[in-house]
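Report on one structure; see the data block that follows.
Quick note on labels: first sequence line is chain A, next is B, and so on, each numbered from 1.
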There are 2 protein chains.
Amino acid sequence: MGTRDKILTQATAHLKEVGLARLSLRQIAVSVGIKAPSIYEHFRSKEEIIDAIRENAAQSLTLQMTEAALARESPEDSLIQAGVAYVLYAITEQETFQVFFQLMRTKRRTLTEKVSEDSPYSVISGLFVEYFKDRGKTISQEKIEELSYGYWSLIHGAAVLRTTFLKGFKADFEQADTNNFHRFLLGSLEVI
Amino acid sequence: MGTRDKILTQATAHLKEVGLARLSLRQIAVSVGIKAPSIYEHFRSKEEIIDAIRENAAQSLTLQMTEAALARESPEDSLIQAGVAYVLYAITEQETFQVFFQLMRTKRRTLTEKVSEDSPYSVISGLFVEYFKDRGKTISQEKIEELSYGYWSLIHGAAVLRTTFLKGFKADFEQADTNNFHRFLLGSLEVI
DNA sequence: CAGCTCACCCTAACACTGTTAGGGTTTATT
DNA sequence: AATAAACCCTAACAGTGTTAGGGTGAGCTG
């Protein structure tokens with residue numbers, strides 16, 4: 001394993017331990033076995049290291065969503081399970097998720113541009129197409145995007161609330177999330 | 001205006017200008033006209049200043065939601081307008097909103113404890129009670145909480161996505177949000 | 001083989017951060 | 001008149017990301 005990979009590995013490990021706010025280049029350097037300035041031989045800045053972590057997180061999250069959606073009874077169930085997986089990832093990989101959502105930006109700037117693959121959004125919109133195909137309803141690309149954005153808002157909001165405001169709050173969130181995701185999907189069929 | 005209030009005012013102003021990451025006590029002190037260590041006569045730490053800003057933000061956000069919900073055609077419209085106001089606050093007061101959602105925690109720890117007033121959540125749950133009363137449906141307190149949590153997830157998710165991932169993305173989000181909020185509320189009536 | 005380049009590491013230092021120690025001055029109270 | 005508290009100060013500590021500039025070894029080229 002090259003030094004660059006070591007830095008990335010140790011940075012990720014430290015992130016999970018101490019959180020984004022206390023992530024220190026000098027500490028990472030100690031773990032790798034080099035001095036802090038040597039990091040700059042492999043990355044242009046601390047920001048660039050975090051970018052790389054974020055990239056990995058996005059890939060990992062997308063994978064877990066995709067796997068959760070596989071082999072379900074119905075497209076609706078796939079959408080719900082993908083949502084549950086999203087929230088689960090946020091809770092189990094809290095610090096990584098924080099990095100993911102805090103600074104990530106789409107390169108896509110308008111609806112006419114192509115959706116980049118391997119993003120949570122593309123998983124959702126793909127499943128929505130299946131969802132309407134399954135119900136025998138035709139739907140415009142625009143509405144698919146609107147619904148995907150809405151559903152993403154819902155699951156992302158649940159993920160963020162659980163890891164911030166509601167951290168430490170005791171309740172059966174899994175059931176509540178499943179019910180709420182179902183509610184949105186039901187409403188999607190009515191309002192087109 | 002006392003020094004404590006000056007510090008708070010300048011801290012809020014600086015927050016909006018440079019963002020949370022670059023908020024500096026020495027810069028705040030310059031604006032106030034004192035030296036940095038003197039801040040510690042009025043606040044125990046930087047964290048305590050941010051706590052105070054967050055308190056103000058929560059109050060202001062709650063107020064805007066309440067006002068947006070007033071004098072609407074129906075409780076459903078009130079819920080939607082409260083949601084729109086939430087997202088609007090997030091966009092216009094981006095840095096303040098970031099402080100608000102990033103570290104805020106409920107003091108409430110279980111469903112049996114009382115909901116604190118003057119919080120966005122209490123506004124939502126209050127409007128949900130009206131919503132079901134208006135429709136002539138009876139609903140348990142538990143379900144009100146579940147729905148309020150779900151609706152909050154939706155509007156919070158929309159707010160966060162708009163200010164992070166989707167910053168710079170051009171689309172008619174206002175219309176999309178309104179439609180999506182409507183979808184969730186419609187689904188709420190079906191699945192109880 | 002000698003000379004050169006380049007990747008990779010180093011130390012020293014800069015400009016910043018939140019925070020603490022300790023001293024001075026003014027104001028109000030005993 | 002003495003004391004206490006509120007409030008400001010300077011100096012300094014321990015930490016941060018980052019840059020400047022120097023050394024060392026591997027590998028390529030004449």
Need one value for Leu23(A): base, sugar-phosphate or nothing, where a base atom within 4.0 Å counts as base even if backbone is also close, heavy atoms only.
sugar-phosphate

Would you jot down, in residue-number order, the residues of residues 24-33 of chain B having a non-hydrogen atom under 4.0 Å from DNA chain C?
Ser24(B), Leu25(B), Arg26(B)

Side chains of Glu146(B) and Asn179(A): is there a donor and an acceptor less than 3.5 Å apart?
yes

Would you call the rings of Phe101(B) and Phe97(B) parallel, tilted or perpendicular, where under 30° means parallel and over 60° means perpendicular?
tilted

Distance under 4.0 Å to a non-hydrogen atom of chain A counts as contact; along DNA chain C, which nucleotides mark the start and end?
dC8(C) to dA13(C)

Derivation of the salt bridge (charged side-chain N to carboxylate O under 4.0 Å, His left out) call for Glu17(A) and Arg22(A)
CA-CA 9 Å; Glu17(A) 270 179 40; Arg22(A) 286 182 185 163; over 6 Å; no

Plane angle bin for Trp152(B) and Tyr121(B) - parallel if under 30°, tilted between 30 and 60°, otherwise perpendicular:
tilted

Rounded to the Å, how far apart are Glu41(B) CD and dA4(D) C1'?
14 Å

If the plane angle is over 60° it's perpendicular, under 30° parallel, otherwise tilted; pick one for Phe184(B) and Tyr151(B).
tilted

Between Glu67(B) and Arg72(B), does a salt bridge (charged side-chain N to carboxylate O under 4.0 Å, His left out) hold up when you go through it step by step?
CA-CA 10 Å; Glu67(B) 283 178 356; Arg72(B) 298 292 170 183; over 6 Å; no

Round to a whole Å and report the spacing from CD of Glu47(A) to P of dG17(D).
12 Å

salt_bridge(Glu174(B), Arg162(B)) N-O dist < 4.0 Å:
yes

Which sits closer to the 5' end of DNA chain D, Ala36(A) or Thr3(B), going by the nucleotide each is nearest to?
Thr3(B)

Residues passing the ring pair (Phe, Tyr, Trp, His ring centres under 6.0 Å) test with Phe169(A), sequence neighbours excluded, are none

